[in-house]
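Data block below; observations after.
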Amino acid sequence: MDNTLPLLRKCGDMLALCDCNNFFVSCERLFRPDLEGRPVVVLSSNDGIVVSRSNEAKAMGIKMGEAYFKVRRFFEKRGGVAFSSNFQLYEEISDRVMAALRGRTPSMEVYSVDEAFLEVPPDARGRVEEWGREVRAAVLREAGIPVSVGLAPTKTAAKLAAERGKKRPETGGVFVLPPGGDWDDFLRDIPVEDVWGIGWRWSAYLRRRGVLTALRLRDASDDWLDRRLGVRGVRTAWELRGIRCFGVEEVDRAQKSIQSSRTFARPVRDREAMAEAVTEFALVAGRRLRSQGSLAGSVAVSISTSRFRAPFYGAAAETPLEAPTDSDIVLARAATGAMNSIFREGLDYEKAHVLLGRLSPADSVQLTLFGGGDERGSALSRTSDRINAAVGRKLLMPALLMGEKEWRPRRSRHSGTRLEDLGSLPEVRAHEEGRPPREQPTLPEAPVSTSPGSPTC
DNA sequence: TCTGGGGTCCTAGGACCC
DNA sequence: TCTGGGGTCCTAGGACCC
């Protein structure tokens with residue numbers, strides 16, 4: 001493991017963090033321009049907790065991660081609208097946002113579904129703020145999503161700059177921390193827990209020792225940071241000093257593990273239902289495994305009862321695979337086997353989790369003594385992927401998983417919107433009297449044109 | 001009655017070898 | 001028989017992120 005720090009050198013080059021504002025809510029509003037200005041939230045699976053909030057919902061005091069049942073009455077009484085999450089839609093819109101960004105930088109790292117780091121192109125170095133505004137306008141125009149842009153020499157500083165751009169309307173969504181500049185006043189205003197890389201645990205620790213702000217963290221000694229927080233803490237402090245420790249990593253490396261898990265809509269008591277669920281999660285993970293061209297070397301399963309009810313039971317088991325594989329049949333069998341080894345009768349299970357580990361590239365298979373690989377199962381899985389992709393839904397699946405399943409999550413507030421589905425597009429009425437409204441053939445230009453929420457463009 | 005899902009990295013400690 | 005130090009590799013658990 002490389003624990004060394006890069007050479008001590010202030011970085012003159014600038015990078016940008018482009019962060020979509022209230023991303024899931026913004027996606028839903030693309031298709032519901034009538035919700036502009038109204039409080040909107042998007043909920044997690046099972047409509048359990050709030051995972052994205054419009055500014056109006058934030059202003060009402062709705063917290064991130066709050067259980068929706070606790071605030072539902074209050075929220076809906078005041079005109080709030082809630083959606084179940086629609087990840088397929090968010091991923092498709094994310095692709096459009098990233099495409100809009102890609103053309104404007106020599107190098108970029110897609111950091112999450114709603115964030116990307118961009119290297120500022122050489123020809124924009126003398127005018128980074130203007131370039132940031134161009135990027136922001138382009139994403140709004142081409143993908144319909146409002147973003148905040150933070151510009152700074154380091155990722156950690158760019159995160160803080162973007163946050164400032166998002167929170168202060170007078171910035172117009174773009175904020176710059178110049179290289180070699182004096183950031184003291186800026187950092188003094190930032191609570192230490194708002195710094196990227198300082199989580200709940202570390203911030204509590206730092207606060208107890210009087211490190212309350214980003215400024216104090218920046219000025220802490222390396223030795224102290226290394227002893228207390230380890231190398232990650234040191235790197236974070238250096239980044240606040242303007243020294244780049246985390247680069248923009250363009251290549252999207254294959255994931256090292258793939259997991260699939262769900263909280264059940266209703267508690268699962270019997271082994272057969274648990275086997276169904278674990279099989280389904282193994283297949284979901286298997287499809288993603290094949291789509292990134294990897295093979296799994298192990299399958300781990302964990303199951304648990306509710307954390308909010310005693311007695312709690314949680315257990316995990318891992319099945320190593322004889323040979324790395326991407327065959328659904330082998331993955332599902334291994335997952336079910338692992339589950340059976342930890343399943344205890346008579347409990348109300350709330351959740352199950354399947355994790356594919358020890359991934360390796362499919363094109364460099366290590367041969368084993370016994371041949372091992374399930375070639376036919378692998379081919380069958382790939383064929384089924386292609387057919388399901390072609391029809392746009394799960395046409396092929398094991399009989400075991402067909403029909404309604406009580407444990408499948410609820411999504412009662414799902415918008416059902418999909419980008420390929422013209423029927424889900426909003427209608428935009430033409431201005432001329434007496435002429436029928438035309439259906440809009442393309443997205444996302446159409447809904448954007450009806451949206452009043454983009455004053456800066 | 002109702003509390004998400006999917007990742008990465010770092011570190012400490014044990015096993016094993018010389 | 002007993003004792004020792006140093007190195008590598010692996011893993012579980014903890015911390016962080018969105």
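As the structure is a prediction and not an experimental result, all values here were calculated from the model. Labels below follow one simple rule: chain letters A, B, ... track the order of the sequence lines, proteins then strands, and each chain is numbered from 1. Basis for what follows: all heavy atoms, side chains included, without hydrogens, waters or symmetry-related copies.
- Stacking of A/Arg209 on the aromatic ring of A/Tyr205 is recorded, both the 6.0 Å distance cut-off and the 45° axial limit being met.
- What separates CD of A/Gln292 from C1' of B/dT8 is a distance of 14 Å, to the nearest Å.
- The side chain of A/Val231 lies closest to B/dT11 when the candidates are B/dT11, B/dG5, C/dA15.
- If you check C/dC17, B/dG5, B/dG6 against the side chain of A/Trp196, the one that comes closest is C/dC17.
- Spacing between C/dC18 and B/dC2 at atom P, rounded to whole Å, works out to 30 Å.
- Nearest to the side-chain atoms of A/Lys70 among the listed nucleotides C/dC16, B/dT3, B/dG5 stands B/dT3.
- For A/Ala67, the side-chain atoms get nearest to B/dT3 when compared with the rest of B/dC10, B/dT3, B/dG5.
- Distances were taken from every side-chain heavy atom of A/Trp202 (C-beta onward) to each of B/dT3, B/dT8, C/dA15; the shortest belongs to C/dA15.
- Closest to the side chain of A/Arg262, from the set B/dG6, B/dT3, B/dC2, is B/dG6.
- Candidate nucleotides C/dC18, B/dG6, B/dT3 were compared by shortest atom distance to the side chain of A/Tyr111, and C/dC18 ranks first.
- Comparing B/dC2, C/dA15, B/dG7 by their nearest atom to the side chain of A/Gln259 picks out B/dG7.
- Judged by the 6.0 Å and 45° rule, A/Arg164 forms a cation-pi pair with A/Phe175.
- Checking C/dG5 for Watson-Crick or G-U wobble geometry (two distances, each under 3.5 Å) identifies B/dC18 as its partner.
- If you check B/dT8, B/dC2, B/dG4 against the side chain of A/Lys256, the one that comes closest is B/dT8.
- Among C/dC16, B/dG7, B/dC10, the nucleotide with an atom closest to any side-chain atom of A/Arg201 is C/dC16.
- A/Arg271 has a carboxylate O that lies under 4.0 Å from a charged side-chain N of A/Glu345, or vice versa, which qualifies the two as a salt bridge.
- For the pair A/Arg141 and A/Glu134, the salt-bridge criterion is not met [side-chain N within less than 4.0 Å of a carboxylate O].
- Aromatic stacking of A/Phe69 on B/dT3: not satisfied for centres closer than 5.5 Å together with planes under 30 degrees.
- In this structure, the CD atom of A/Glu66 is 13 Å from the C1' atom of B/dC2, given to the nearest Å.
- By the 4.0 Å N-to-carboxylate-O rule, A/Arg410 lies too far from A/Asp47 to be salt-bridged with it.
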